[in-house]
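Reading through the structure tokens given below for one structure.
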Amino acid sequence: MRLGDSAGRTDAGRVRRRNEDAFVLDPPLFAVADGMGGAQAGEVASRIAAAAFREYHEADRLEPGERVQAIVQEANRRIYERARSDSEASGMGTTVTAALLTGGRVTIGHVGDSRAYRIRDGRIEQLTEDHSLVADLMRSGRLTSEEADAHPQRSVITRALGTDPEVDVDTSSVDVEPGDLFLLCSDGLTTMVAEDDILRILAGASTLDEAARELVRAANSGGGEDNVTVVLFRVEGDEVMDETLVAPPPAVSPDGDDGLEDTLTDLQPVAAPAPPPAAPAAPAAPAGEERRPRRKQRRWGRRLLWAVLALGFVALLLGGALFGLSRAYFVGADQDGNVVVYQGVPFDVREGVGLYRERYVSRLQASQLSPEERAELFDHELVSYDRARARVSVYEAEAVP
Ligand code: CA
């Protein structure tokens with residue numbers, strides 16, 4: 001068994017100006033890193049991690065699991081030191097998902113919400129567990145995967161490199177067979193492209209370069225809301241393999257492309273309120289309408305009255321809702337993992353459009369909170385601004401050493 005082709009690609013996406021992702025294509029060692037932090041700190045963190053993977057050879061003689069562990073710890077140390085010594089970089093961090101192919105196994109090292117997948121026999125299997133708030137809640141049964149996908153705080157991670165002197169690294173290893181394809185990616189891919197679609201794209205590509213390009217393209221046409229990075233490598237037998245990258249998936253269902261539209265349709269009943277009780281009942285449409293032009297006219301008048309009443313009702317609802325929104329606050333965390341006081345209610349009307357806005361952004365990272373406190377970030381209890389601020393002040397006071 002030997003390593004076949006490999007390919008990597010990263011893209012800023014369609015919304016973010018900077019690309020804070022980085023990747024390593026240093027066969028037989030591969031990695032993706034998704035950095036976070038204010039200003040340019042996210043880029044710094046992911047690049048330091050990538051550099052550690054390329055440069056740190058002191059671990060080369062170790063067993064694969066220990067070797068991956070040692071490199072990730074070294075990357076963590078470098079980022080942590082930099083964050084401590086450089087105030088511009090304070091609070092920065094990065095995810096890392098790495099894979100090392102040795103003999104008949106692939107060893108995975110993982111921190112954060114980037115992912116590793118193995119594609120075999122037309123099936124895709126996730127090899128890592130996300131270290132994220134929504135993944136925690138899914139594991140404890142408090143959130144379904146659909147709810148997690150749509151959750152405003154889905155990108156808040158609970159473990160990262162650079163926040164502490166030591167980091168807890170998940171390491172695991174899986175066997176490989178000729179034809180296995182491995183994918184490492186940042187969440188910019190998996191939040192935009194469903195696993196079935198990833199599989200379909202891989203099956204449709206004739207080279208790994210093309211596959212990487214098409215995956216990035218799919219993330220961008222799905223919204224491109226985040227930086228997207230993919231690394232692919234393939235394991236081959238000693239004899240020449242057939243040309244296809246992936247066996248076609250067993251049964252491809254035609255649905256599943258319209259998740260965003262679903263969200264919109266779900267919301268539509270709000271815009272079509274029940275008729276106000278005081279209004280007269282709508283006349284049933286009688287047969288032979290065309291023979292009674294006068295009644296028709298009157299009916300149109302009635303419909304107009306109805307429309308006006310309905311509009312007034314909607315305006316009242318909206319006004320009430322806006323008034324409510326302006327007085328409601330809750331504590332949560334933003335994309336960069338900072339603890340935030342939001343004004344409004346914790347719902348997204350659709351991808352990227354929420355009924356809330358930031359009122360106070362703390363320097364405190366959600367990952368610095370205790371597990372109980374992090375869980376509280378999901379309660380989204382609506383309170384006054386003063387109460388929300390007071391709660392964040394308590395968190396901040398506790399976090400100061
Ligand atoms: Ca990301």
Side-chain angles (χ1 to χ4, degrees), residues 8-24 30-50 53 72 75-76 79 89 91-98 109-117 126 128-136 138 148-163 167 170 183-195 197-198 212 215-232 332-338 340 348 351-352 354 361 365-367:
R9 200 173 185 89
T10 186
D11 189 86
R14 293 173 55 194
V15 175
R16 310 253 172 121
R17 227 174 306 151
R18 322 192 67 98
N19 189 348
E20 299 185 321
D21 287 1
F23 69 87
V24 178
F30 305 88
V32 299
D34 175 354
M36 69 216 69
Q40 298 167 35
E43 280 162 78
V44 174
S46 63
R47 267 157 219 185
I48 294 176
F53 272 85
V72 177
N76 177 65
I79 299 164
M92 71 175 173
T94 186
T95 72
V96 152
T97 299
H110 166 68
V111 177
D113 67 350
S114 301
R115 290 182 182 174
Y117 289 97
Q126 188 178 335
T128 48
E129 276 192 347
D130 295 348
H131 301 137
S132 69
L133 285 172
V134 290
D136 282 355
M138 272 174 61
D149 286 347
H151 203 283
Q153 281 159 242
R154 62 187 171 276
S155 54
V156 175
I157 59 174
T158 50
R159 243 195 259 177
L161 267 64
T163 55
V167 63
D170 286 358
L183 164 68
L184 309 180
C185 60
S186 63
D187 69 328
L189 177 71
T190 45
T191 53
M192 293 289 124
V193 188
E195 283 176 8
D197 294 321
I198 292 176
L215 288 174
V216 169
R217 196 201 302 265
N220 282 333
S221 47
E225 287 174 20
D226 197 358
N227 306 147
V228 51
T229 302
V230 300
V231 163
L232 290 160
D334 67 10
Q335 301 255 332
D336 292 324
N338 294 91
V340 171
D348 281 345
E351 197 81 24
V361 181
Q365 291 271 309
S367 56

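Atoms within a ligand are numbered from 1 in the order they appear, just like the ligands themselves.
- Here the N, O or S atom of D226 that is nearest to the Ca ion (ligand 1) is OD2.
- In terms of heavy atoms, V167 sits closest to A160 at CG2-O, 3.7 Å.
- For H131 and T158, the side-chain atoms include no donor-acceptor pair closer than 3.5 Å.
- One of the N, O or S atoms belonging to D187 lies under 3.0 Å away from the Ca ion (ligand 1).
- With a cut-off of 3.0 Å, the Ca ion (ligand 1) has an N, O or S atom of D34 in range.
- Distances from the Ca ion (ligand 1) show that E20 has no N/O/S atom below 3.0 Å.
- For the pairing with S114, the side chain to side chain donor-acceptor pair (under 3.5 Å) check across T229, T95, T190, D187 returns one residue only, T95.
- Using a cutoff of 4.0 Å between basic side-chain nitrogens and carboxylate oxygens, R115 and D130 are scored as salt-bridged.
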